[in-house]
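Input: a single structure, listed below in structure tokens.
Note that the structure is predicted; figures quoted are calculated from it, not measured.
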Amino acid sequence: MFDITKVNWKKVGIFASGVLFGTAGIKALSSKDAKNVYTNCTAAVLRAKDCVMKTATNIQENAEDIYAEAKNINEERTAEMEEFSDADTAAEAEEAENTEFNEVTE
């Protein structure tokens, strides 16, 4: 049935060493020292996150300020353009009245 001479001992050895290293790896990863490393790394990531969030908030506030100032500039320009167009319209109306008056008197 089962012939022990036909077993590939190299594959069995690789499997056994994998199980051994896996067990040792789990022990090493669950040790107190490893947990301290994980805790310190997590704390560093949280500090980096806080720094990034502060920077992002600062950038967002600056962008809002820039947007508000740009909006004010556009409103001022629109108001100036309306003044000029009103002045042009008034001048054109006066010119048209003068032209009509001159045509009637001639």
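The CD1 atom of Ile73 lies 11.5 Å from the OG1 atom of Thr78; values are rounded to the nearest 0.5 Å. Here Arg47 contributes atom CZ and Thr42 contributes atom OG1; the two are 10.5 Å apart, rounded to the nearest 0.5 Å. Here the NZ atom belonging to Lys27 is positioned 10.5 Å from the OG atom belonging to Ser31, to the nearest 0.5 angstrom. To the nearest 0.5 Å, the span separating CG on Asn72 from OH on Tyr67 amounts to 10.5 Å. To the nearest 0.5 Å, atoms CG (Asn36) and SG (Cys41) are separated by 11.0 Å.
Between Ala28 and Ala34 the shortest heavy-atom distance is O-CB, 3.3 Å.
Of the residues Asn58, Val52, Ile59, the one that meets the side-chain contact (heavy atoms from CB on, under 4.5 Å) test with Thr55 is Ile59.
No more than 12 heavy atoms of other residues, nucleotides or ligands sit less than 6.0 Å from atom CZ of Phe21.
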